[in-house]
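Everything on this sheet refers to the single structure shown next.
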There are 2 protein chains.
Amino acid sequence: MHHFSHSTINAWDSRYRGNFINSLSGFKSVSLIGTVNAARQPNLAVFSNIVHIGANPALVGFINRPLAAAPHTLTNIQATGCYTINHITPAMVAQAHQTSAKYDEGVSEFAQTGLTETYRDGCAAPFVAQSTVQYSMKLVEVVPITHNNTFFVIGAVQDVYLSHLDCVSDDGFIELTQLGSLASLGLDGYYSANPLARYAYAKPDAPAKTL
Amino acid sequence: MHHFSHSTINAWDSRYRGNFINSLSGFKSVSLIGTVNAARQPNLAVFSNIVHIGANPALVGFINRPLAAAPHTLTNIQATGCYTINHITPAMVAQAHQTSAKYDEGVSEFAQTGLTETYRDGCAAPFVAQSTVQYSMKLVEVVPITHNNTFFVIGAVQDVYLSHLDCVSDDGFIELTQLGSLASLGLDGYYSANPLARYAYAKPDAPAKTL
């Protein structure tokens, strides 16, 4: 095995370390988060550090970078209490990545990228019409991560919209490859996924079995 | 779009909702977390809710389920302050999934699954010899998520071990597909990944460009 020590990693320049450490933790859930500010101006930004917290209640979290680097999404969520999360497909990946550019406040990433904003009852924030998986979220808690000035934003899943129904298995599993949802890696890599296997609930007295 | 309302989702039985909500947030970083208890007995468990928090300092978080459901990993981390995170490849996916069985405390998942424990200087916790990506972690903070009794466990990356060097790009990006690292979906689905594109740093006045 090739060893990269803690001191070696600390000595790297920040861009190299950023690419390496962002890749190290593995493939990531990547989505577009849609918000509005108090004046109902829309904002859209790509986020890859999204994590499932629990299903009952249905909670999803994401990491928001320090406010100086990424102010709009979190500020809007705190102003309105709601946001949308929208999956990214191959047809929209360039537009999705482009939302990471530092546009001025009040500039709509929808208008700049050509992605289409859609509004639905019960949610002030815009959905992305091109996304095959869209869901609305209600803010639950913002946990400051004091060690690097980021924020762990916890939300409750509200309404879910899927472009197709046949991707939902009899047991509720959503086969996201059928919806074209992408994964990401590092700061800028996008990936499609191929199913390898699903496994049955594991028991101590029996070997793992595929479903 | 097919609409699943908040009240529909809440009315599902817990297993169906668990599969649906676990899939909804997208493809996940899946890894084996290795720990020891105070008596140096090893434990190994598969975790899929792992999230990159930041690169400077290098921080990675994961969600630990309520202690009644999943006591060993978190208790061991709190006792020793350290743990390892090890990627999963296709050759070891059945063994990795099997670590999710509820073995009694003191039973080693290494012995039960045939995965090989390896120890290295500077880390009390075992690495998984079969993993092509292995890294050691130092506990930074355990944040209780009061809304569902889970825990957000924040750690600092210490030492990193890769089986090959040629997967590391000149800019530090690790092409994990060359190392066979898998992603997961839901509670029990495992996926390989295919690179689609990397994109250059996005700027407001220029369209997205692939690297």
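Numbered from 1 within each chain, the chains take letters A, B, ... in sequence-line order.
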Please rank [options] by heavy-atom pairs under 4.5 Å with chain B and give me the top one.
options	result
A:Thr146, A:Ile21, A:Asn49, A:Val160	A:Val160
A:Leu176, A:Thr150, A:Val140	A:Leu176
A:Lys209, A:Glu109, A:Glu141, A:Arg15	A:Glu141
A:Gly189, A:Ala200, A:Ala183, A:Ala193	A:Ala193
A:Ile50, A:Leu165, A:Val51	A:Leu165
A:Pro195, A:Ser100, A:Ala206	A:Pro195

Go through the atoms of [X] and report whether side chain, backbone, both or neither lie under 4.5 Å from a heavy atom of chain A.
X	answer
B:Ile9	side chain
B:Thr118	neither
B:Lys102	both
B:Val60	side chain
B:Ile154	side chain
B:Ser169	backbone
B:Phe62	neither
B:Ala156	neither
B:Tyr103	both
B:Ile63	side chain
B:Ala197	backbone
B:Asp170	backbone
B:Pro66	neither
B:Leu24	both

Compare every heavy atom of [Y] with every heavy atom of [X], then report the nearest pair and how far apart it is.
X	Y	value
B:Ala125	B:Thr84	O-CG2, 3.7 Å
B:Val133	B:Ser181	CG2-OG, 4.0 Å
B:Val128	B:Gln134	O-NE2, 3.0 Å
B:Leu185	B:Phe27	CD2-CE2, 3.9 Å
A:Glu117	A:Pro126	CB-CB, 3.9 Å

| query | Would the number of heavy atoms belonging to other residues, nucleotides or ligands and lying under 6.0 Å from NE2 of A:His147 be above 12? | reply | yes
| said: Is it the case that over 12 heavy atoms from other parts of the model lie below 6.0 angstrom from the NE2 atom of B:His2? | reply: yes
| query | Judged by atom type as modelled, is there a donor-acceptor pair below 3.5 Å linking the side chain of A:Asp13 to the main-chain atoms of A:Tyr16? | reply | yes
Hey, could you give me the [atom1]/[atom2] distance between [X] and [Y], rounded to the nearest 0.5 Å?
X	Y	atom1	atom2	answer
B:Asn10	A:Gln158	CG	CD	9.0 Å
A:Ser25	B:Leu59	OG	CG	11.0 Å
A:Asn19	A:Ser14	CG	OG	10.0 Å

So what's closer than 4.5 Å to chain B heavy atoms on [X]: side chain, backbone, both or neither?
X	answer
A:Ser192	both
A:Tyr135	side chain
A:Val30	neither
A:Arg65	neither
A:Leu211	side chain
A:His87	side chain
A:Thr132	backbone
A:Val157	both

Do [X] and [Y] touch side chain to side chain, with heavy atoms closer than 4.5 Å?
X	Y	result
A:Tyr161	A:Arg120	yes
B:Phe47	B:Asn64	yes
B:Ile77	B:Met137	no

Among [options], single out the residue with the greatest number of heavy-atom pairs under 4.5 Å to chain A.
options	value
B:Pro204, B:Ala208, B:Ala101	B:Pro204
B:Ile85, B:Asp205, B:Val93	B:Val93
B:Thr113, B:Leu182, B:Asn148, B:Thr177	B:Asn148

| query | Testing B:Asn86, B:Thr99, B:Ile33, B:Asp188 for side chain to side chain contact (heavy atoms under 4.5 Å, CB included) with B:Val46, which one passes? | reply | B:Thr99
| field | B:Phe4 and B:Phe20: CA distance, side-chain angles, deciding distance, ring-ring contact (aromatic ring centres under 6.0 Å, His included) verdict | value | CA-CA 11 Å; B:Phe4 302 87; B:Phe20 188 92; 5.1 Å; yes
| Are a donor atom and an acceptor atom from the side chains of B:Ser108 and B:Gln41 found within less than 3.5 Å of each other? | no
| task | Fit a plane to each ring of A:Tyr190 and B:Tyr199, take the angle between them on a 0 to 90° scale, and name the class: parallel (under 30°), tilted (30 to 60°) or perpendicular (over 60°). | result | perpendicular
